[in-house]
Amino acid sequence: INIIQDKHQKNKPLSRKEIQFIYRLNKLFSNKIEVVGKDIEEISGKIEAERIKQGKAKQDLAEIFDCDESQISLTRDEALSGDIKYHHGSLSFRHIQKIDTNLFDNLHFPEIVNGRLEINYLKIVNGQLISPRIIIGSLDLHNLLSAKGVVFPEVIYAYLDLHHLESAEFFDPPKSVFGVFLDGLKSLKNLRLPEEVLGNIILPYSGIKEEEKEELKQKYPHLADKIK
């Protein structure tokens, strides 16, 4: 980190690995999470904030993702402008409760979001909601009642929050997720699970027969210990 800090202060170019470290992208490119000390994290965060303020972040990130700087977004407006490959930071749409076709005709999420995506008041999708392909954070759809019209990401590095989803119908899960909350389901019938879950799959504590949970564990033996 001292080498990165020195190069940053002297306005020298950073290597690809150094840029990945500063913008917390190592788990995306190396598929592993690096644990760093608090002091290193603070210095790294300070460098990141300074490079964003100095207008260097888009150049840094465009180099990492082999794209044009115009395909990197740092604000919500930029993120929704279309043809964005990577968004740095979280995105919040807490005010949206219902999606109709007209609203999402012109709304295109970035391919990759490095942060949390919150659409936690959304209940119904009339039309289609196409999520980012990868979210390096959580996807919060806390109040969603039906998965109809929702295209979920391929990979979510943190949690998929579907606390109030009532039916497994239309739920086409991500391939990989750290953990998923499905504790509002009325039935486990036709429930499909992700191929890979690192944490837990939280199902309803009551209202579901234990036989249904056992059937699910038999259907997905590699996830049996994750099903709660």
Side-chain angles (χ1 to χ4, degrees), residues 1 3-9 11-96 104 106-120 122 129-141 151-161 174-178:
I1 189 65
I3 294 173
I4 298 175
Q5 188 176 34
D6 183 64
K7 291 170 75 172
H8 166 68
Q9 290 174 344
N11 203 28
K12 292 182 178 180
L14 302 181
S15 69
R16 289 179 68 91
K17 286 190 175 181
E18 289 168 341
I19 293 173
Q20 289 173 20
F21 179 78
I22 290 300
Y23 295 98
R24 304 179 304 283
L25 290 167
N26 282 339
K27 55 187 169 184
L28 178 62
F29 289 96
S30 64
N31 203 29
K32 64 181 182 180
I33 300 174
E34 288 189 0
V35 179
V36 299
K38 187 177 179 180
D39 292 344
I40 293 177
E41 195 172 287
E42 287 180 356
I43 296 172
S44 173
K46 184 178 179 182
I47 295 173
E48 174 193 353
E50 288 177 354
R51 294 186 78 81
I52 291 174
K53 188 175 181 180
Q54 293 167 2
K56 297 177 180 178
K58 288 191 177 183
Q59 181 181 347
D60 290 342
L61 294 163
E63 180 180 342
I64 290 296
F65 290 99
D66 297 317
C67 66
D68 192 85
E69 288 184 33
S70 64
Q71 294 178 288
I72 303 294
S73 63
L74 301 174
T75 68
R76 196 175 90 157
D77 286 344
E78 289 176 348
L80 301 181
S81 63
D83 192 31
I84 299 297
K85 188 174 183 66
Y86 172 88
H87 176 76
H88 194 69
S90 295
L91 292 170
S92 178
F93 299 87
R94 294 188 175 191
H95 64 289
I96 297 177
F104 270 74
N106 298 310
L107 182 55
H108 303 281
F109 285 114
E111 181 182 344
I112 301 169
V113 171
N114 190 357
R116 181 181 181 90
L117 176 55
E118 293 181 313
I119 321 177
N120 52 340
L122 177 67
L129 169 62
I130 301 178
S131 305
R133 185 173 64 85
I134 298 173
I135 298 180
I136 312 173
S138 294
L139 173 56
D140 187 347
L141 290 165
V151 178
F152 289 92
E154 291 179 16
V155 180
I156 301 175
Y157 278 84
Y159 289 94
L160 173 57
D161 183 347
K175 291 181 179 179
S176 177
V177 64
F178 182 82

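This chain uses plain numbering: 1 for the first residue, then up along the sequence. Owing to the predicted nature of the structure, the values given are computational and were not obtained by experimental measurement.
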Determine whether Phe65 and Ile112 make a side-chain contact, defined as any pair of heavy atoms from C-beta on separated by less than 4.5 Å. yes
Contacts of Asp6 meeting salt bridge (charged side-chain N to carboxylate O under 4.0 Å, His left out) (sequence neighbours excluded), chain-then-number -> Lys10
Heavy-atom neighbours of Gln59 CD exceed 12 at 6.0 Å: no
Looking at Pro132 and Leu117, what are the two nearest heavy atoms and their distance? CD-CD2, 3.6 Å
Taking NZ, NE, NH1 and NH2 as the nitrogens, is one of them in Glu78 or Lys58 under 4.0 Å from a carboxylate oxygen of the other? yes
May I ask you to decide whether Asp66 forms a salt bridge with Arg16, counting only side-chain N to carboxylate O separations under 4.0 Å? yes
Between the CD1 atom in Ile19 and the CD1 atom in Ile64, the distance rounded to the nearest 0.5 Å is 4.5 Å
Measure the shortest side-chain to side-chain distance between His87 and Phe109 over non-hydrogen atoms and say whether it is less than 4.5 angstrom. no
Between atom CD of Glu18 and atom CD1 of Ile1, what is the distance when rounded to the nearest 0.5 Å? 9.0 Å
For Asp140 and Ser138, which I'm curious about, is there any donor-acceptor pair between the side chains at under 3.5 Å? no
Student check: side-chain heavy atoms of Leu141 and Phe152 closer than 4.5 Å: yes
Is there a side-chain contact between Ile136 and Leu25 in this structure, where contact means two heavy atoms from C-beta onward sitting under 4.5 Å apart? yes
Check Cys67 against Lys85 and note the closest heavy-atom contact, atom names and distance. CB-CD, 3.9 Å
CD on Glu63 to CD on Glu69, rounded to 0.5 Å: 10.5 Å
Measuring only between side-chain heavy atoms, which start at C-beta, is Arg51 closer than 4.5 Å to Leu14? yes
Decide yes or no for Leu91 and Leu80: does some side-chain heavy atom of the first lie under 4.5 Å from some side-chain heavy atom of the second? no
If you measure only the distance, is there a donor-acceptor pair under 3.5 Å linking the side chains of Tyr23 and Asp60? yes
Rounded to the nearest 0.5 angstrom, the NE2-NZ distance for His8 and Lys56 is 6.0 Å
Under a 4.5 Å cut-off applied to non-hydrogen side-chain atoms, are Asn114 and Tyr86 in contact? yes
Nearest non-hydrogen partners of Ile84 and Ala79, listed with the distance: CG1-O, 3.9 Å
Would you name the heavy atoms of Lys7 and Ser15 that are closest together and state the gap between them? NZ-N, 4.0 Å
is_close_aromatic(Phe29, Phe21), centroid dist under 6.0 Å: no
Closest contact, heavy atoms only, Arg116 versus Ser90: N-OG, 2.9 Å
Ile134 vs Glu111, test: side chain to side chain contact (heavy atoms under 4.5 Å, CB included). Steps then yes/no. CA-CA 7 Å; Ile134 298 173; Glu111 181 182 344; over 6 Å; no
Distance-minimising heavy-atom pair for Gln5 and Ile47: CA-CD1, 3.7 Å
Considering only heavy atoms from C-beta outward, does the side chain of His88 approach that of Ile52 to under 4.5 Å? yes
Step by step, would you call Asp68 with Ser70 a side chain to side chain donor-acceptor pair (under 3.5 Å)? CA-CA 5 Å; Asp68 192 85; Ser70 64; 2.7 Å; yes
Is the distance from the ring center of Tyr157 to that of Phe178 below 6.0 Å? no
